[in-house]
Amino acid sequence: MAKKALINRENRRRNTVSKFASKRGELMAVLKSSSASAEEKAAAREKLQKMPRNASPVRLRNRCALTGRPRGVFKKFGLARNKLREIALRGEIPGLIKASW
């Protein structure tokens, strides 16, 4: 199991990303628009750089919902490979069975 501090840090990052999502979207739209002037783009870039680093969605990390493990997480289930295998073997995930041939 991952340390609680790491899981809590990731949760804080997710909250920060959702908090600044609309503002970041507006600034990115200004930067990507071809009609914006160079001064407008520079001002938008400066505002974007003054935002908290954790407001960027690139800094998010997928973690297992049960254990907090950062690697080997299946996005579709939100579980790490170990826990996914355990739960699938018990038959608790509908439609998912262990392959045998």
Side-chain angles (χ1 to χ4, degrees):
M1 175 115 180
K3 292 182 180 179
K4 290 287 183 188
L6 298 177
I7 295 171
N8 291 337
R9 183 188 307 162
E10 188 63 30
N11 290 335
R12 279 196 310 271
R13 278 190 185 136
R14 289 195 185 280
N15 292 337
T16 306
V17 167
S18 62
K19 180 180 174 183
F20 287 98
S22 62
K23 192 172 183 181
R24 279 185 63 86
E26 293 169 4
L27 293 173
M28 292 303 288
V30 170
L31 288 175
K32 291 180 180 179
S33 72
S34 58
S35 62
S37 67
E39 294 83 20
E40 291 173 341
K41 287 185 179 185
R45 191 174 297 110
E46 189 173 324
K47 287 180 184 176
L48 197 62
Q49 288 174 350
K50 288 190 177 184
M51 279 188 175
R53 282 188 173 184
N54 287 336
S56 174
V58 172
R59 292 176 66 96
L60 294 178
R61 178 83 183 191
N62 288 335
R63 287 188 173 269
C64 177
L66 298 177
T67 61
R69 180 181 167 87
R71 295 177 180 219
V73 177
F74 286 77
K75 189 181 281 190
K76 183 175 181 178
F77 303 105
L79 298 171
R81 57 188 173 79
N82 306 349
K83 290 298 173 182
L84 180 67
R85 185 171 190 271
E86 288 175 12
I87 293 172
L89 286 175
R90 286 184 293 202
E92 295 179 7
I93 300 177
L96 188 69
I97 54 172
K98 186 177 183 295
S100 60
W101 60 91

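Here the structure is a predicted model, which means the values were calculated and not measured. Residue numbers run from 1 in the order of the sequence given.
Around atom CZ of R59, more than 12 heavy atoms belonging to other residues, nucleotides or ligands sit under 6.0 Å away.
Distance check, rounded to the nearest 0.5 Å: CG of N82 to CZ of R71 gives 13.5 Å. Atom CG of L66 and atom CE of M1 lie 8.5 Å apart (nearest 0.5 Å). Atom CZ in F20 sits 10.0 Å away from atom CG in N54 (nearest 0.5 Å). One distance of note links CZ of R61 with CZ of R9; it measures 12.5 Å at 0.5 Å rounding. Note that CD1 of I93 and CZ of R85 are 12.5 Å apart. Values are rounded to the nearest 0.5 Å. From K4, atom NZ reaches atom CG of N11 across 10.0 Å, with rounding to the nearest 0.5 Å.
Using a distance-only test at 3.5 Å, with no hydrogens or angles considered, no donor-acceptor pair links the side chain of E26 to the main chain of K23. Between the side chain of R90 and the main chain of E92, no donor-acceptor pair closer than 3.5 Å is present. The main-chain N or O of V30 is found under 3.5 Å from a side-chain atom of S33 such that the two form a donor-acceptor pair. S56 places no side-chain N or O within donor-acceptor distance of the main-chain N or O of R53, the cut-off being under 3.5 Å. Side-chain atoms of K41 do not come within 3.5 Å of backbone N or O of K32 as any donor-acceptor pair.
Residues L89 and I87 fall into different hydrophobic clusters, defined by Ile, Leu, Val, Met, Phe, Trp and Tyr side chains chained together at heavy-atom separations under 4.5 Å.
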- Worked check of side chain to side chain contact (heavy atoms under 4.5 Å, CB included) between L79 and R69: CA-CA 9 Å; L79 298 171; R69 180 181 167 87; over 6 Å; no
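For the side-chain contact (heavy atoms from CB on, under 4.5 Å) with L27, the lone residue among E46, Q49, M51, R45 that qualifies is M51.
A 4.5 Å side-chain heavy-atom check between V17 and R24 finds every atom pair outside the cut-off.
In terms of heavy atoms, A80 sits closest to C64 at N-SG, 3.3 Å. Closest non-hydrogen pair, I7 versus G68, comes out as CD1-CA, 4.0 Å. Between R63 and V73, the closest heavy-atom pair is C-CG2, 4.0 Å.
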